[in-house]
Amino acid sequence: MARKIYIKNEKETREFGISLAEKARAGDVIALIGELGTGKTALTKYIAEGLGVSEDVTSPTFTIIKEYRSGRLPLYHFDAYRISSEEEMHELGCEEYFNGSGVCVVEWADKIAGVMPAESLVIRMHYGSGEFERAYDAYFDI
């Protein structure tokens, strides 16, 4: 099921992220797709907040993955921007994370579509008409 979600500001991004986290279960994989600056890392920070993660959540652009274990579920934050192949994701052990006891959020998931679980919650992020507005095409029932 696809839904269009309009985000007008940071407050609404936070509310949406926390709402996702409240519904999250172990084994959920959230695939974030969008251009630079559409809010992938910001949304991830708010998902982390909703899970109760106490660590500072930052983009794992250079480390590819960061693990946060202080919340009600572990959060595994991937950034596939610098991934050169799906093979590289396999070498990082992505299947163990995807099938593990935490929630995975994958930024730039379109770059590794072939290794993403079919049941991933896909959110395509677009710029809105205003400076802080965003539109999300969410492909799951929320």
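Using a 4.5 Å cut-off between side-chain heavy atoms of Ile, Leu, Val, Met, Phe, Trp and Tyr, with links allowed through other members, Ile65 and Leu32 fall into different hydrophobic clusters. By the criterion of side-chain heavy atoms lying less than 4.5 angstrom apart, applied directly or through intervening Ile, Leu, Val, Met, Phe, Trp or Tyr residues, Tyr127 is not grouped with Ile123; the two fall into different hydrophobic clusters. With hydrophobic clusters built from ILVMFWY side chains whose heavy atoms lie under 4.5 angstrom apart, Val29 shares a cluster with Leu92. Both Ile30 and Leu73 are members of a single hydrophobic cluster when ILVMFWY side chains are connected at heavy-atom separations under 4.5 Å.
In this structure, Phe78 has its ring center closer than 6.0 angstrom to the ring center of Tyr97.
Partner of Val106 under the side chain to side chain contact (heavy atoms under 4.5 Å, CB included) criterion, out of Ile33, Thr44, Ile112: Ile112 alone.
Comment: Glu67 engages Arg69 in a salt bridge, judged by a side-chain N to carboxylate O separation of less than 4.0 angstrom.
Residues Met116 and Phe98 have side chains in contact (heavy-atom distance under 4.5 Å, counting atoms from C-beta outward). Contact check for Tyr76 versus Val105: no side-chain heavy atoms found under the 4.5 Å cut-off. Side chains of Glu133 and Ile7 form no contact here, defined as non-hydrogen atoms less than 4.5 Å apart. Counting heavy atoms from C-beta outward, Phe16 and Leu43 have side chains that approach closer than 4.5 Å. Within the 4.5 Å cutoff, the side chain of Lys66 has heavy atoms near those of the Thr63 side chain. Counting only heavy atoms from C-beta outward, the side chains of Glu95 and His90 approach each other to under 4.5 Å.
Taken to the nearest 0.5 Å, the SG atom of Cys94 stands 11.0 Å off from the CD atom of Glu88. Taken from NZ in Lys8 to OG in Ser129, the straight-line distance is 11.0 Å, to the nearest 0.5 Å. Taking NZ of Lys111 as the start and OG of Ser84 as the end, the distance is 8.5 Å to the nearest 0.5 Å. To the nearest 0.5 Å, atoms CD (Glu91) and CD (Glu86) are separated by 12.5 Å.
Applying the side chain to side chain contact (heavy atoms under 4.5 Å, CB included) test to Ala24 and every residue at least two apart in sequence or in another chain returns Asp28, Leu51, Arg72, Val103.
Sorted by first and then second residue, the ring-ring contact (aromatic ring centres under 6.0 Å, His included) pairs involving residues 27-60 (not counting sequence neighbours) form an empty list.
A side-chain donor-acceptor contact under 3.5 Å links Arg134 to the backbone of Thr38.
Here the closest heavy-atom approach between residue Glu35 and residue Lys40 is recorded as O-NZ, 2.8 Å. Residues Ala48 and Leu75 come closest through the heavy atom pair CB-CD2, 3.5 Å. Considering every non-hydrogen atom in both Ala31 and Ser120, the closest pair reads CB-CB, 4.4 Å.
Donor-acceptor pairing under 3.5 Å is recorded for the side chains of Glu107 and His77. When only modelled atom types and interatomic distance are considered, Lys45 and Thr41 share no side-chain donor-acceptor pair under 3.5 Å.
The number of heavy-atom neighbours closer than 6.0 Å to NZ of Lys11, taken from other residues, nucleotides and ligands shown, is 12 or below. In Tyr81, the OH atom is not crowded: 12 or fewer heavy atoms of neighbouring residues, nucleotides or ligands sit closer than 6.0 Å.
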